[in-house]
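Everything below concerns the one structure shown next.
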Amino acid sequence: MTIRKTLFTLGLASVMLQSTARDVAGMDGTNTRKNPLLEQSKLPFGAPDFRKIKNADYLPAIEEGIRQQREAIDRIVKNGETPTFQNTILAYEESGLLLDRVTSIFFCLTSADKTPEIAETEKKVMPLLTSLGNDISFNKQLFQRIKYVYDHEHATLKGEDKKLLEEIYKGFVRSGALLDEAKMARMKAVNLRISDLQQQWGTMLQQATNAAVVWVDKREELSGLSEADIAQCKKDAESRGGKAPYCIVIVNTTQQAILTNLDNRDLRRRVFEASVHRADGTRGFNTFDIVAEIARLRAEKAQLMGFKTYADYSLEKTMAKTPEEVYSFLNQLIEAYTPKAEAETAAIEQYARRTMGADFQLEPYDRFYYSAKMKKEQLQFSEDDVKVYFNVDSVQQNGVFYAANRVYGLTFKQRKDIPTYHPDMKVFEVKDRNGRTIALFYSDFFRRPTKRGGAWMSAFQKQSRQRNQIPLIYNVCNNAKAPDGQPSLLSWDEVTTMFHEFGHALHGILSDCQYNTLSGTAVARDFVEMPSQFNESFASIPEVFDHYARHATTGQRMPADLKAKMLGSINFHSAYALGENLAATCLDMAWHVLPLSQVPTAQEAQQFEREALRHVHLLNRQIPPRYSTSYFNHVWGSGYAAGYYSYLWTEVLAVNIANCFAERGALKPEVGQDLRDKILGRGNTRDLMQMFTDFTGMKQPDATALLKARGL
């Protein structure tokens, strides 16, 4: 189950914490200062006061939060009155407020600024939280009270009260509250071990990705890169110890965008191989032992719960419901995609042979390079032609914020008085069209060695009318920060990523729910990506595009002919992007549709990956998975096990909704208000398909819209 207020799905056991940890001890053993995490922040809206918080504060504050939640649970259990919604369900919902507040801040840092001290604290924290989760989930007296309320009040409760009761009751059941003693004991041990392994995974993958940088001795080897990109390589080398004058940093996905422009084929090969071999044992880091054990434990967990496989267990609470439904969806896409991909690959290889000779064999590290050359020749356009128009600040303020203003009536004012955990961050106060403050929004866009790869959204505090709190939402990305005095420029993919993550942010910002558990993004995995994927559509709407696509030096709009070429090129060679996603999705499913007896060993993992892709006709050297098994963080480190398909599933929903916007008026406030009222503000308070139907009028999503949107 999800431990109240931590934003993490945690497993479950028991440790009594004796110290109240109300103060931080000095070197001489005396109490020298109050731990700021133990007091409600005095900053506006309860914003974390990072000026006062020290790394050493987190562990004692989390220990105190755990102690307080244990006391709250004990009070519920010992309540002699008949269990009711008020004295049991609401009491449980409001237990652990301190723990929620502290862990929401701490787990932001474990992903976005994981210093060695934070990493050490995480090692100590995770077993404590997992033990707490175990003790709550398997507390028979607590569950008996919850079940009593479910049995006696479910029929009469309405609205969010009824939904909250359902979520809490079903969460306990899915965590194993109905298991017998022996299975319950084993489930506790499984949860503890998974928690430990996921912490190990996160640390090792970050180390492996940081170590996978490719060092470059001579400037000439970087031929093809722009001056700005070369300067970035120089800056990256300096920040990583200067083993050579330049270095190429590896990002979290398999393919590296820098391969688009590198003329040096051997350097392209080195970059690609550094990416795909970062964690498979080739370069000193090997995650397969962790992968295999997590997969076995998940399969065992499903078995304990009476399910055939982990996928069956995981998908029960999603829109898709079953592995068969997921595969039916994926097979439709694979069938339509395959001939397009084969034709695309053949065309790129044929093009390359015009200059490289008739016997030239296209390799995966060549694909982006020659595809870009084809694009430039056929469309008279290159990505470098437009990057200068995508200044990170303009994209955020004149694009992302502008669209949110036009559609939802939101305004954003930077708050330099509110502290952050890193100097690169910015904070904005968000107001609605009536001038009412509804959220704070934090952005942390630039990569650094202490930040894991990728981009994400989360919250220091979720919206809740019950708690009288507004959401404190943050977005994190991994864009390159330009050397001092130069503008930080984005690729088109990074532009759409910023819009994507802000779609998640809007889901949190616009939430209008009574209860913390139901608010914002607390929806099924195969619905949560819909608002983010939908928000990407605003990036290419002409009015929005013209507002942010301004020359970084002159401020001039992108010329009309260049804009037409760029927007017209979005789906150029689009089969690749779909193929890499399909391959990663099928890998995720392959690992999680296995019964316990069939889970491969660490030594068998690579061969299993190849066979799994071959089985679904996606074993393609030219189009490798977006994430391979050994660095698939969504699956092994985050909450997307048996759920990576949701990106494609929700893209269908997003395209359907974007089509509705286009028909009704893409930037009309009344259309935005309708989406806000029927979906974005509702959190998990209603049936998700019903919310989709309420807005679109469609009883079922139209999957063919995805292929049309991708130009396939």
Side-chain angles (χ1 to χ4, degrees), residues 209 212-234 236-237 244 246-279 282-283 341 344-345 347-349 351-353 355-356 360-377 379 381-387 390 447 453-454 478-480 489-497 569-570 572-581 583-584 620-628 631:
T209 303
V213 298
V214 177
W215 295 98
V216 180
D217 293 321
K218 297 179 181 179
R219 193 180 194 279
E220 297 75 43
E221 293 182 82
L222 299 175
S223 170
L225 298 188
S226 66
E227 288 299 320
D229 286 340
I230 292 173
Q232 185 64 52
C233 290
K234 189 174 189 299
D236 286 338
Y246 308 93
C247 82
I248 295 172
V249 175
I250 299 302
V251 299
N252 63 321
T253 54
T254 294
Q255 281 287 15
Q256 306 293 306
I258 203 168
L259 298 179
T260 301
N261 295 314
L262 278 176
D263 292 330
N264 187 313
R265 193 184 193 204
D266 186 62
L267 184 55
R268 294 202 302 269
R269 176 190 60 77
R270 288 169 57 201
V271 170
F272 180 79
E273 290 181 353
S275 176
V276 297
H277 295 305
R278 73 185 78 174
T282 304
R283 304 172 67 90
E344 187 175 289
T345 297
I348 296 172
E349 186 169 64
Y351 175 85
R353 286 176 176 175
T355 55
M356 301 303 294
F360 177 79
Q361 299 294 312
L362 193 72
E363 297 291 342
Y365 47 80
D366 296 318
R367 189 184 189 93
F368 282 15
Y369 182 74
Y370 287 105
S371 175
K373 286 186 173 297
M374 285 183 72
K375 179 191 289 187
K376 188 167 187 177
E377 181 177 304
L379 304 181
F381 164 77
S382 115
E383 295 290 341
D384 282 344
D385 295 336
V386 296
K387 281 189 74 172
F390 298 146
R447 68 189 182 212
N478 268 278
N479 305 319
L489 305 178
L490 305 180
S491 66
W492 175 247
D493 183 63
E494 289 167 334
V495 169
T496 56
T497 295
S569 74
I570 289 175
F572 185 78
H573 287 171
S574 59
Y576 183 92
L578 179 57
E580 67 168 357
N581 196 318
N620 186 336
R621 289 186 69 254
Q622 279 299 313
I623 307 179
R626 184 170 176 81
Y627 306 99
S628 193
Y631 50 92

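Just the heavy atoms: all of them, side chains too, but no hydrogens, waters or symmetry mates, feed the values below. Note that the structure is a prediction, hence the values are computed from the model and not measured.
- Considering CG of Asn264 and CG of Leu225, their distance stands at 10.0 Å, rounded to 0.5 Å.
- A donor-acceptor contact shorter than 3.5 Å is absent between the side chain of Ser569 and the backbone of Phe572.
- Salt-bridge formation is not detected for the pair Glu227/Lys234: no Lys NZ or Arg NE/NH1/NH2 atom is positioned less than 4.0 Å from an Asp or Glu carboxylate oxygen.
- When each of Gln255, Glu349, Glu344 is paired with Arg367, the side-chain hydrogen bond (donor to acceptor under 3.5 Å, both in side chains) condition holds for Glu344 and for no other.
- Asn261 contributes atom CG, which lies 8.5 Å from atom OH of Tyr369 (distance to the nearest 0.5 angstrom).
- Tested against Glu221 for a side-chain contact (heavy atoms from CB on, under 4.5 Å), the candidates Asp263, Val216, Asp266 yield a single pass: Val216.
- The pair Glu377-Lys373 fails the salt-bridge criterion, with no side-chain N (NZ, NE, NH1 or NH2) lying under 4.0 Å from an Asp/Glu carboxylate O.
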- Test side-chain contact (heavy atoms from CB on, under 4.5 Å) on Ile258 and Val249 and set out the steps. CA-CA 9 Å; Ile258 203 168; Val249 175; over 6 Å; no

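- Interatomic distance, CG of Asp493 versus CZ of Phe390, reported as 11.5 Å (0.5 Å rounding).
- Residues passing the side-chain contact (heavy atoms from CB on, under 4.5 Å) test with Glu494, sequence neighbours excluded: Asn479, Leu490, Ser491.
- Taking the six-membered ring where tryptophan is involved, the planes of Phe368 and Tyr576 are perpendicular, since the angle between them exceeds 60° and thus also 30°.
- Under the ring pair (Phe, Tyr, Trp, His ring centres under 6.0 Å) criterion, Tyr365 pairs with no residue, sequence neighbours left out.
- The two residues Val271 and Ile250 have their closest heavy-atom pair at O-CD1, 3.8 Å.
- Under 3.5 Å, the side chains of Ser371 and Tyr351 contain no donor-acceptor pair of N or O atoms.
- Considering only residues two or more places apart in sequence or on other chains, Phe360 meets the ring pair (Phe, Tyr, Trp, His ring centres under 6.0 Å) condition with Tyr370.
- Atom CG of Asn478 is separated from atom OG1 of Thr497 by 10.5 Å, given to the nearest 0.5 angstrom.
- The distance from atom CD of Gln232 to atom OH of Tyr246, rounded to the nearest 0.5 Å, is 13.0 Å.
- Residues Arg447 and Asp236 are paired through a salt bridge, judged by an N-O separation under 4.0 Å between the basic side chain and the carboxylate.
- Of the possible polar contacts, one joining the Arg270 side chain to the Trp215 backbone as a donor-acceptor pair under 3.5 Å is found.
- A side-chain N or O of Ser275 and one of Gln256 form a donor-acceptor pair less than 3.5 Å apart.
- In this structure, Lys376 places its NZ atom where only 12 or fewer heavy-atom neighbours from other residues, nucleotides or ligands lie under 6.0 Å away.
- The pair Glu273-Arg283 does not count as a salt bridge, with every side-chain nitrogen at least 4.0 angstrom from each carboxylate oxygen.
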